[in-house]
Structures are given as structure tokens and as C-alpha cells.
Undergrad: 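Encoded as C-alpha cells, here's the structure I'll be asking about.
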Amino acid sequence: MIRKKIAEIISNACEVSKKQGILPENVNVNPSVEIPREEGFGDYSTNIAFLLAPIIKKSPSEVARILIEKINPGDICEKVDVAGKGFINFYLKNDVWRNLLKDVYTKGIGSLYPNVGEGKKVLIEFVSANPTGPLHIGHGRGAAVGDVLANILKSVGYIVSKEYYINDAGRQIKTLGESTYLRWKELQGEEVLYPKDCYQGDYVKDLAGQLIESKVEIPLDRDAAVSFMARFSSSEILKGIQQDLGDFGVVFDNYYNESTLFDRGVVETTLDLLKEKGYAYEKDGALWFTTSKFEKDEDRVLIKSGGEKTYFTSDIAYHMDKFNRSFDMLVDIWGSDHHGYIPRLKASIQALGHDKESFKALLIQFVTLLKDGKPAGMSTRSGQFTTLQEVVNEVGRDAARFFFLIRKSDAHLEFDLDLAKKSSNENPVFYVQYAHARIASIFRNAQSEGIGTDSFHGVDVTLLTLNEEINLIKGILHFYHVIEGSAKSLEPHRITFYLIDLVGRFHSYYNKTRVLGNTKELTLARLWLLSMLKEVIRNSLGILGVSAPEKM
RNA sequence: GCGCCCGUAGCUCAGUUGGAUAGAGCGUUGGCCUCCGGAGCCAAAGGCCGUGCGUUCGAAUCGCACCGGGCGCACCA
């Protein structure tokens with residue numbers, strides 16, 4: 001918004017300098033216009049002097065001083081000065097900030113969302129855990145990241161679809177059938193040796209028990225029984241997963257079964273295409289894909305010498321199918337232990353003629369649960385995992401989502417269960433929600449004092465003169481940049497950090513300044529500011545899928 | 001052995017894609033309620049950005065080497 005104007009001012013100054021012979025006609029630099037870290041350095045700053053210095057062989061600070069003479073800030077800047085070793089800092093007039101916010105007020109909150117997506121179609125695939133057991137906490141983190149990323153991208157003009165992929169054609173589901181079968185035998189009083197590589201969790205026994213209770217007819221043939229139970233168990237578990245996800249606030253647009261890729265012949269088509277293009281070759285009785293032609297990675301097997309297709313093959317087919325469904329961008333969210341898988345998938349995408357930049361894999365690092373300051377174990381093999389459901393029951397949906405989003409997704413996350421339950425400023429979720437409730441409370445009080453807040457028509461925003469007030473306005477407007485950056489970098493955690501910062505500004509302001517009980521005009525102006533603030537907080541929380549309570 | 005990620009205050013982590021004197025929160029210390037929700041606020045102390053070279057006006061950020069932690073390296077999924 002205003003950034004463009006600053007850039008214009010800078011380039012105008014350059015043009016003037018060129019005309020006056022200070023700068024050579026042919027220079028063309030691309031100066032930055034950024035928001036300085038420190039408040040004392042103004043609202044925007046540019047590095048143009050550093051870029052021009054070597055060209056005209058003068059020191060950056062000298063260049064800056066010359067350039068600043070040529071700068072015509074129009075009526076938007078309070079002052080422009082040179083600082084540091086040659087930065088040019090722009091200090092905007094308070095009026096500019098107030099008017100920008102007023103603009104948002106009249107145009108609606110939608111004007112705070114940049115249009116970066118331009119209607120492009122994105123498919124976000126996440127969780128995709130095989131229905132062989134309940135979701136654990138790591139899946140929870142992936143679910144939160146994927147869901148919120150979807151919200152972010154939607155809000156900036158992408159058309160987003162959320163998809164869950166199920167490897168129902170693989171061995172894991174077969175093993176689940178086997179496990180259920182053995183437990184079922186056990187329950188019927190037979191002595192069985194339960195192998196280590198079968199699923200150890202008690203839920204398998206429950207499923208077997210369900211089978212007996214429901215009195216369904218079970219095929220007599222062992223193999224038929226196993227595959228029957230595989231179908232039964234996986235579909236029961238999937239129901240549970242969907243339930244857990246629903247409780248967590250995550251709803252998928254589509255569940256996609258690997259088996260349909262085979263049924264519809266997509267796998268065969270993909271293989272034919274790869275062969276046709278010369279990216280598949282035979283060696284040692286197996287069919288290989290030429291990963292190494294595209295990425296720094298080894299060639300990988302598509303069809304084993306035994307004739308069986310690898311998981312990789314159906315995955316290539318799956319991603320080709322995604323493109324065939326006319327998605328422009330594919331985002332996959334994986335556990336970070338799958339990072340070695342990225343090059344080969346990227347290679348396959350290029351082999352099929354797509355831009356490798358249209359595919360992004362986000363990696364989710366592991367979560368350590370802390371209880372009483374100590375790590376709470378989660379070993380899946382022994383069946384003692386901490387499930388997503390347990391965590392949601394323990395700390396609530398809001399806290400769980402917020403905590404999952406408080407770190408960059410590829411960084412380790414320590415999830416302190418005790419902290420997530422605390423009702424104090426130590427707990428960032430409460431800190432943010434409390435601000436919203438506090439503002440709501442002010443509005444309730446205003447109402448009972450007979451101050452109408454339905455319409456701010458004719459409000460005099462120039463009464464907002466305090467530093468803290470201008471600071472809040474800047475914070476609200478900053479949403480635009482945050483959501484833009486968050487969308488472009490695919491980093492949901494930026495919203496979380498933004499909220500904590502924004503709300504901190506409010507709490508300070510609140511402590512120092514009374515909103516109600518001033519002159520009617522001033523009170524109304526402050527209420528107007530808070531109404532905008534409240535709306536941005538609510539929007540941000542909405543993107544995170546966290547509630548914005550009116551009372552707590 | 002090869003590859004990827006990470007190393008920033010006592011702890012947990014940000015750091016606007018190369019910018020200025022490196023920032024939050026927690027914890028510690030000391031303050032603030034006759035007043036809109038103290039579930040809050042203010043202030044102080046706290047740093048060799050793992051180490052060493054390099055790239056340049058300028059590096060926590062980019063490159064190389066090393067140290068330390070995590071994870072991958074299947075005709076598994």
C-alpha cells in the first residue's frame with residue numbers, strides 16, 4: 001500500500017538526480033523499502049545509497065545526503081533523514097496512518113488481505129496417516145499446519161482443496177487385517193503367537209471385540225477373513241480419525257484412496273508415459289526411474305524384479321493425477337523423516353513435464369510433549385503413544401492448535417501441556433484470547449453507559465494522537481504484510497507471532513489509557529480504534545482456527 | 001561414508017529472505033489495582049548469534065571447513 005508510494009518517492013528522486021547530472025542516465029538499481037526493526041529508525045527505510053555508492057564512487061552516507069535533497073516526500077512524511085551509515089529513513093505523518101485505517105474501515109476488513117493467489121488452484125495434502133491406528137501428536141501438528149495454511153491461502157485469493165491420502169493398497173493395511181484376525185482368534189479362546197510386527201495397541205483388541213459383538217459373518221477362509229478384517233478395521237479406524245480431526249477443527253475436502261489409482265489405470269498410464277519419455281529403464285530385472293537426470297539423487301525402482309510396483313510408483317501417479325485435476329500448485333506436508341523423499345518426487349514431477357517449483361513439500365519436525373517439565377514418552381511401537389485426542393481433551397482445541405503453530409514447522413517443538421492449560425500471560429493462547437475478551441468487555445460497558453457503537457459515522461480519528469494509538473494502528477495495518485509473507489513463504493507461525501505482538505500493544509495501551517469516561521468524541525474515537533483491532537484479532541484467530549471469546 | 005535440517009540470553013524461540021546498537025516470552029530482581037477484566041502492565045539485569053576462514057559498503061542470514069544435536073540414505077511404506 002504505502003510502501004509503493006515510498007518506492008515512487010525514491011525513484012522520483014533518482015530521476016531528478018539524473019536530470020541534474022548527479023547520477024548517470026543509465027543506472028538502474030532496485031532499492032529495498034523495508035520496515036526497520038527499530039522504531040527510532042522511522043516507518044520505512046531504504047538502502048538505495050548503498051547501491052549507488054559504488055557507482056558514483058562516493059561513500060553511502062554522502063550519497064544519502066545528496067539524494068535526500070532531491071527527495072520530495074509530498075505530504076505523507078513528517079520527516080526524512082539519513083541515519084546510520086547511509087540509510088534514508090521515512091517518518092510518516094500520523095495522519096497518514098489514521099487515514100489508512102479509516103480506509104480499511106470504509107472498504108471493509110477484506111482490504112487488509114492482499115490478492116497473491118489470483119484464483120490459482122492449490123491442493124494441500126496433509127496428515128495422510130494410514131488408518132492403522134489413532135492419530136498421534138505428530139499428526140496433530142501436521143494437521144494444524146495444513147489446515148491453517150489452507151486458511152491462509154484461501155484468505156489471499158487461492159482456491160484451496162485439502163486432501164488426505166490413504167495407502168490402502170499397501171502392506172500396512174494388510175498387517176492391520178492380520179493383527180485384527182489374530183486378536184479375534186485370541187478372543188475366541190485360541191492360543192496365538194502375536195508377532196512383534198503386528199500392531200500392538202489395545203485398539204486392535206477392541207476392534208476384534210466389536211467384530212464379535214456385531215455378529216457379522218466372517219469368511220471361513222483365512223485369507224478372506226484377513227482381508228475382510230483389514231477392510232473392517234481400517235474403515236473403523238478412519239472413522240475414529242475423522243472424529244478426532246473434527247474435534248480438532250480439521251475437515252478435509254477429499255479422502256483419496258491409493259487403490260483407485262490402480263482401479264482407474266492411472267498407475268499404468270503414468271508408467272507408460274515415463275517409458276515413452278525415456279525416463280524409465282530396465283536393470284537387474286527391475287524397472288527404474290531416472291531420478292538422477294533431474295535431481296542429485298539415485299535412480300529409484302518403479303517395478304521390483306518380482307513384478308510388484310513400489311510405493312513410489314503410485315505416488316508418482318498420484319501427483320500426476322493432482323496436476324490432471326488442474327491444480328496449479330501442490331503442497332505436501334510430511335513428517336521430517338521423509339525429507340529424503342523430496343528429490344525423487346521432484347524429479348518425477350519434472351519428468352512428467354511440470355515445473356518443479358509448482359510442488360512444495362513442507363516438513364514437520366517432531367513434537368516433544370512436556371508434562372511436569374519432563375518429556376512424556378511417545379513410542380508408537382509399544383502402543384503407548386500419546387494420541388491427538390488425548391492432547392485435545394487435556395488442553396482443549398484452541399490451545400492445542402495455537403501451540404502447534406507457535407514454531408516454524410521444520411523446527412523441533414516442545415509442547416508444554418501444563419503451560420497450555422494455564423490461565424495467565426505465560427500462556428500465549430490465553431494472552432491473545434484475553435485481549436479479545438477484554439475489548440469485548442469494554443464494548444459491553446460502553447453499551448451499558450449508553451454509548452452507541454453500532455455506527456462510528458462521523459468519528460473524529462484525529463483525536464487519536466497518543467504514541468500507543470498510532471502504534472496500534474500500525475499494528476493493525478501490518479496484518480496485510482504478515483498475511484502476505486505468511487502465504488508466500490508457506491509459514492503459518494508468522495500469524496501466531498503477529499498476534500502475540502499485536503495483543504501486547506493493546507495490553508500496554510489498556511493499562512495506561514482509559515477508553516471510556518473521556519469526552520464523548522475521544523471515547524468514540526478510541527472505541528473505533530478498538531473495534532478495528534478486535535476485528536483483526538478475530539480474523540487472525542479465525543485463520544488459526546482458534547476461537548475469539550467475548551467472555552472468558 | 002553421503003545427503004537434509006538445526007545450533008541465537010539461564011530455558012523455549014523470533015529475526016521481515018543480505019541491513020543500522022541482534023529481539024520476544026518464560027525464569028530472576030524491583031515496581032504498578034479507590035480507576036473499562038491484575039487472566040494485565042512497567043522497569044532492570046542477562047549475548048563471542050557453535051568455531052574458524054571467505055564473499056562485500058554490510059553476514060545470525062550467503063560459501064567452504066570443522067565441532068555438536070536430530071533425521072534420512074531399500075527392489076519398505
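Here is how names work: the chains are called A, B, and so on, in the same order as the sequence lines, proteins then strands, and each is numbered from 1.
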Undergrad: Using a heavy-atom cut-off of 4.0 Å across all strands, would you classify A/H507 as base, sugar-phosphate, or nothing?
TA: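 Sugar-phosphate only.
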Undergrad: Return yes if the base of B/rG70 and the side-chain atoms of A/H412 contain a donor-acceptor N/O pair under 3.5 Å, otherwise no.
TA: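 Looking at the base of B/rG70, it does not pair with any donor or acceptor on the side chain of A/H412 (distance under 3.5 Å).
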Undergrad: Starting at atom CZ of A/F497, determine the distance to atom P of B/rC13, rounded to an integer number of angstrom.
TA: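 Rounding to the nearest Å, CZ of A/F497 and P of B/rC13 are 10 Å apart.
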Undergrad: Going by the rule salt bridge (Lys or Arg N to Asp or Glu O under 4.0 Å), which residues pair with A/K309 if we only count those two or more places apart in sequence or in a different chain?
TA: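 Partners of A/K309 by the salt bridge (Lys or Arg N to Asp or Glu O under 4.0 Å) criterion, ordered by chain and then number, come out as A/E268.
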Undergrad: A/Q365 CD to B/rC13 C1': how many Å, rounded?
TA: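 To the nearest whole Å, that distance equals 15 Å.
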Undergrad: For A/L413 and B/rC6, what is the distance between atoms CG and P respectively, to the nearest whole Å?
TA: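 In whole Å, B/rC6 P lies 16 Å from A/L413 CG.
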Undergrad: Taking the P atom of each, how far is B/rG3 from B/rA74, in whole Å?
TA: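 My reading of the P atoms in B/rG3 and B/rA74 gives 15 Å.
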Undergrad: Do A/T513 and A/R526 have a side chain donor and acceptor closer than 3.5 Å?
TA: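 Per modelled atom types, A/T513 and A/R526 side chains form no pair under 3.5 Å.
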Undergrad: Using whole Å, report how far CD1 of A/I364 lies from P of B/rC5.
TA: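 Distance, rounded to whole Å: 16 Å.
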Undergrad: Is A/H339 side chain donor-acceptor paired with the B/rC5 base, going by distance under 3.5 Å alone?
TA: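 When only heavy-atom distances are counted, A/H339 does not reach the base of B/rC5 through any donor-acceptor pair under 3.5 Å.
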Undergrad: Could you tell me how far B/rA14 sits from B/rG30 if I compare only their C1' atoms? Round to whole Å.
TA: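 Straight-line distance between the two C1' atoms is 27 Å.
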Undergrad: How would you list, by chain and number, every residue that makes a side chain to side chain donor-acceptor pair (under 3.5 Å) with A/T180, sequence neighbours excluded?
TA: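 For A/T180 the side chain to side chain donor-acceptor pair (under 3.5 Å) partners, ignoring immediate neighbours, are A/S233.
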Undergrad: Produce the list of close N/O pairs, under 3.5 Å, pairing protein atoms with atoms of nucleotides 74-77 of chain B; give distances to one decimal.
TA:
residue, atom, partner, partner atom, Å
B/rC75, O2, A/S305, N, 2.7
B/rC75, O2, A/S305, OG, 2.9
B/rC75, N3, A/S305, OG, 3.2
B/rC75, N4, A/D284, O, 3.0
B/rC76, OP2, A/K304, NZ, 2.2
B/rA77, OP2, A/Y311, N, 3.0
B/rA77, O2', A/Q172, NE2, 2.7

Undergrad: Partners of A/R407 by salt bridge (Lys or Arg N to Asp or Glu O under 4.0 Å), sequence neighbours excluded?
TA: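 So A/R407 forms no salt bridge (Lys or Arg N to Asp or Glu O under 4.0 Å) with any residue.
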Undergrad: Under 4.5 Å between any side-chain heavy atoms of A/V266 and A/Y318, yes or no?
TA: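 Counting from C-beta outward, A/V266 and A/Y318 never come under 4.5 Å.
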Undergrad: B/rG72 C1' sits how many Å from A/D297 CG, rounded?
TA: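 After rounding, the reported distance stands at 11 Å.
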Undergrad: Would you list the protein and nucleotides 31-36 of chain B atom pairs, both N or O, that sit under 3.5 Å from each other?
TA:
residue, atom, partner, partner atom, Å
B/rC35, O2', A/R514, NH1, 2.1
B/rC36, O4', A/R514, NH2, 3.3
B/rC36, O3', A/N445, ND2, 3.1
B/rC36, O2', A/N445, ND2, 2.1
B/rC36, O2, A/L516, N, 3.1
B/rC36, N3, A/V515, N, 2.9
B/rC36, N4, A/Y510, O, 2.8
B/rC36, N4, A/T513, O, 2.3

Undergrad: Output yes when a side-chain donor or acceptor of A/Q433 lies under 3.5 Å from a complementary backbone atom of A/S547, and no otherwise.
TA: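 Judged by distance alone, yes, a pair lies under 3.5 Å.
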Undergrad: What's the NE2-C1' distance between A/H481 and B/rG15, to the nearest Å?
TA: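 Distance, rounded to whole Å: 17 Å.
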Undergrad: Please name all residues satisfying salt bridge (Lys or Arg N to Asp or Glu O under 4.0 Å) with A/K293, sequence neighbours left out, ordered by chain then number.
TA: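 By the salt bridge (Lys or Arg N to Asp or Glu O under 4.0 Å) rule, A/K293 matches no residue at all.
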Undergrad: Under 4.0 Å between a Lys/Arg side-chain N and an Asp/Glu carboxylate O for A/D332 and A/K322?
TA: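 Answer for the salt bridge query: yes.
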Undergrad: Mind jotting down which residue pairs meet the ring-ring contact (aromatic ring centres under 6.0 Å, His included) criterion with at least one end in residues 406-425 of chain A? Sequence neighbours excluded, please.
TA: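 Passing the test, one end in residues 406-425 of chain A: A/F403-A/F415, A/F404-A/F415.
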Undergrad: Want to know the stems of RNA chain B: at least 3 consecutive Watson-Crick or G-U pairs with distances under 3.5 Å, which are they?
TA: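 Consecutive-pair runs (3 or more) involving RNA chain B: B:1-5 with B:69-73, B:10-13 with B:23-26, B:28-32 with B:40-44, B:50-54 with B:62-66.
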Undergrad: Starting from P on B/rC42, measure out to CZ on A/R505 and report it in whole angstrom.
TA: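 In whole Å, B/rC42 P and A/R505 CZ are 13 Å from each other.
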Undergrad: Please collect all salt bridge (Lys or Arg N to Asp or Glu O under 4.0 Å) contacts where either partner lies in residues 411-421 of chain A, sequence neighbours excluded, each pair once.
TA: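 Applying salt bridge (Lys or Arg N to Asp or Glu O under 4.0 Å) to every pair that reaches into residues 411-421 of chain A, excluding sequence neighbours, yields A/E394-A/K421.
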Undergrad: Is the closest side-chain heavy-atom distance between A/D410 and A/S336 below 4.5 Å?
TA: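 The answer is no; the side chains never approach within 4.5 Å.
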Undergrad: Decide yes or no for A/L67 and A/I10: does some side-chain heavy atom of the first lie under 4.5 Å from some side-chain heavy atom of the second?
TA: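 Not in contact.
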Undergrad: Say you pick atom C1' in B/rC66 and the same atom in B/rU28; how far apart are they, in whole Å?
TA: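 It works out to 36 Å between them.
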Undergrad: Think A/Y431 has a side-chain N or O under 4.0 angstrom from the OP1 or OP2 of B/rC41?
TA: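 Yes, A/Y431 has a side-chain N/O under 4.0 Å of OP1/OP2 on B/rC41.
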Undergrad: For a quick test of your reading: what N or O donor-acceptor pairs under 3.5 Å do the side chains of residues 471-485 of chain A make, sequence neighbours left out?
TA:
residue, atom, partner, partner atom, Å
A/N471, OD1, A/R505, NH1, 3.3
A/K474, NZ, A/D43, OD1, 2.7
A/E484, OE2, A/K488, NZ, 3.3

Undergrad: For each nucleotide in nucleotides 16-27 of chain B, reading 5' to 3', give B when a protein heavy atom comes within less than 4.0 Å of its base, S when such contact involves only the sugar-phosphate, and - otherwise.
TA: BB-BB-SS--SS
Undergrad: If each of A/E414 and A/K296 is mapped to the nucleotide of RNA chain B with the nearest heavy atom, which maps nearer the 5' terminus, i.e. the 5' end?
TA: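 Per heavy-atom nearest nucleotide, the more 5' residue is A/K296.
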Undergrad: Give the rounded distance in Å between these two atoms: CG of A/L345 and P of B/rG3.
TA: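 The answer, rounded to whole Å, is 22 Å.
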Undergrad: On RNA chain B, check which nucleotide each of A/S336 and A/P60 is closest to and give me the residue with the more 5' one.
TA: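 By nearest-heavy-atom nucleotide position, the 5'-most residue is A/P60.
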Undergrad: With sequence neighbours excluded, what pairs up with A/D315 under the side chain to side chain donor-acceptor pair (under 3.5 Å) test?
TA: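 In terms of side chain to side chain donor-acceptor pair (under 3.5 Å), with neighbours along the sequence ignored, A/D315 is linked to A/Y341.
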Undergrad: Please report the C-alpha distance between A/F41 and A/F87 in whole Å, then the side-chain angles of each, then the deciding distance to 0.1 Å, and finally whether the ring pair (Phe, Tyr, Trp, His ring centres under 6.0 Å) criterion is met.
TA: CA-CA 9 Å; A/F41 296 144; A/F87 286 94; 8.0 Å; no
Undergrad: Expressed in whole Å, how much space separates the C1' atoms belonging to B/rG50 and B/rU56?
TA: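 Pairwise C1' distance, B/rG50 against B/rU56, rounds to 24 Å.
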